[in-house]
2 protein chains.
Amino acid sequence: MAVAESEAIEPADSVSTDRRPRADAIRNRDLLITAAAEAFAARGADVPLEDIARSAGVGIGTLYRHFPTRESLVEAVYRHEIDVLCERADQLLESMPPEQALAEWMQLFVVHVATKRGMLSLLRPLLSTNPNFSDQTRGRATAAATKLLEAGVAAGTIRADVDGGDLLRAVGGICMSTDQERSVASERLVGLLFDGLRHGAAGSPSATQPGDASA
Amino acid sequence: MAVAESEAIEPADSVSTDRRPRADAIRNRDLLITAAAEAFAARGADVPLEDIARSAGVGIGTLYRHFPTRESLVEAVYRHEIDVLCERADQLLESMPPEQALAEWMQLFVVHVATKRGMLSLLRPLLSTNPNFSDQTRGRATAAATKLLEAGVAAGTIRADVDGGDLLRAVGGICMSTDQERSVASERLVGLLFDGLRHGAAGSPSATQPGDASA
DNA sequence: TGCAAAACGGAGGGACCCTCCGTATACTAC
DNA sequence: GTAGTATACGGAGGGTCCCTCCGTTTTGCA
């Protein structure tokens, strides 16, 4: 999985007083993020940074130049994972019916959370002490979820009384609560949730009232 | 603050196949717990264990013999803090009217949580992966809270519709949510909570219904 | 008072962190 | 193409902390 476009190097409107980074710098940064994502997922938040540098094929000095602290690396990995997830939402919507795209995306979300589990002990303090970072990432993810939901509502296959924020909280909550290694349970529960989203859609025979608490 | 009695060395009913520890071992263990509590509170969960050993006046080898892992030390400190808190509940009840004892104890609780804040990042995983340890400590604390409440109820100065578990959750929740360094806010909120406990006591002029949500 | 068992202390090897600076590489201007 | 320079790379090395191991000391019992 290539790191996506390294988030739009430089808006043209800014005077180029600070130049764009050199090509090798961009490449190495991406290699590091990819290697770090794998390492955190496989070996937890305490992986030696030297191992990450090695598996990315760069020197330890390069790692530290790009990411002065372990937290900054975790942050970059997290941001990148959110990027990928948002991007996939668009791709899925283009290639399949909205409700199927939504289902796929929710399962994708589970996988991504499982991947991030290793980083969790570092991610939590980061999110709680850094509100504008957490707002930003949450906002992006919510927007993607909303887009998927709205497409489903427009097609009449998804109920209209759930918004992106709700969906994210529900899926996230399920992933967090079933905190065991394997995510099979999460996948099943998220599937259940998805069925709930179909239930009571405009086109469905058995529409329920908004706010109805029935399972 | 001396470490209390090193939790009742050995019940007499067990055949002394395993002897009681030597006096210096007991003393050093207590010194280590005291030093660790201070160090964790002052410098967070990452204090070098060597510093703790030094400030306890023992060698690093001694620390490791008593507490093979950092977690085991954290656990011992936590257990000891709970001990002290429970003990103080009894002392307070003997030396002042029940509702005053309860008020004092709640404030004491705030101070103790503030003390433990440094250990929190190690304590959380410990509590969540080790259910019977958490049950045990929670049970002890709940018992102390219940005792204080019941004494107040018997005296007619504390309302009867709150149990020890509720109280602990409420006070604990307040301490956790106001997660800033200083605990002044916690102390004020806990004071507020205490006033709520007096409100609607048997002897109070303005009794409310159990379950009444009014402040 | 003597003697084992128990406990102590800290040297030392290993893992990891992070900085620093000599070397290599990619851009730019000509 | 080429020369020059800002930018980026790599990894040696010094520092911190971890944890084990074993010679020495202390304690409690007979």
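Values below: every heavy atom of this structure, side chains too, minus hydrogens, waters and symmetry copies. All figures in this text were calculated on a predicted structure; none of them were measured in a lab. Here is the naming used below: chain letters follow the sequence lines, and residue numbers restart at 1 for every chain.
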- prompt: Side chains of A/Leu102 and A/Leu167: closer than 4.5 Å at any heavy-atom pair?
  reply: yes
task: Between B/Gly57 and A/Asp46, just flag the one whose closest nucleotide in DNA chain C comes earlier from the 5' side.
output: B/Gly57
query: Mapping A/Arg65 and A/Asp51 to their closest nucleotides on DNA chain C, which lands nearer the 5' end?
result: A/Asp51
task: Classify the nucleic acid contact of B/Arg70 as base, sugar-phosphate or nothing, counting any heavy atom under 4.0 Å across all strands shown.
output: sugar-phosphate
Flag, side chain of [X] to backbone of [Y], donor-acceptor distance under 3.5 Å:
X: A/Glu99; Y: A/Ile158; result: no
X: A/Arg88; Y: A/Glu104; result: no
X: A/Arg138; Y: A/Gly165; result: no

statement: Closest to the 5' end of DNA chain D, once B/Pro68 and A/Ala25 are matched to their nearest nucleotides, is A/Ala25
message: Which is more 5' along DNA chain D, the nucleotide nearest B/Pro48 or the one nearest B/Arg22? Just name the residue.
response: B/Pro48
Nearest-Å distance, [atom1] ([X]) to [atom2] ([N])?
X: B/Ile26; N: D/dG28; atom1: CD1; atom2: C1'; result: 12 Å
X: A/Leu63; N: D/dA8; atom1: CG; atom2: P; result: 15 Å
X: B/Ile60; N: D/dC17; atom1: CD1; atom2: P; result: 11 Å
X: B/Phe67; N: C/dC8; atom1: CZ; atom2: P; result: 11 Å

- line: From the candidates C/dC18, D/dG28, D/dC9, the one with an atom nearest any side-chain atom of B/Ala23 is D/dG28
query: So which nucleotide from D/dG11, D/dG13, C/dC8 ends up closest to the side chain of B/Asp24?
result: C/dC8
query: Rounded to the nearest 0.5 Å, how far apart are CG of B/Leu120 and CZ of B/Phe40?
result: 12.5 Å
Would you please confirm or rule out a distance under 4.0 Å between OP1 or OP2 of [N] and any side-chain N or O of [X]?
X: B/His66; N: C/dC8; result: yes
X: B/Thr62; N: C/dA7; result: no
X: A/Asn28; N: D/dC9; result: yes
X: A/Arg27; N: D/dA8; result: no

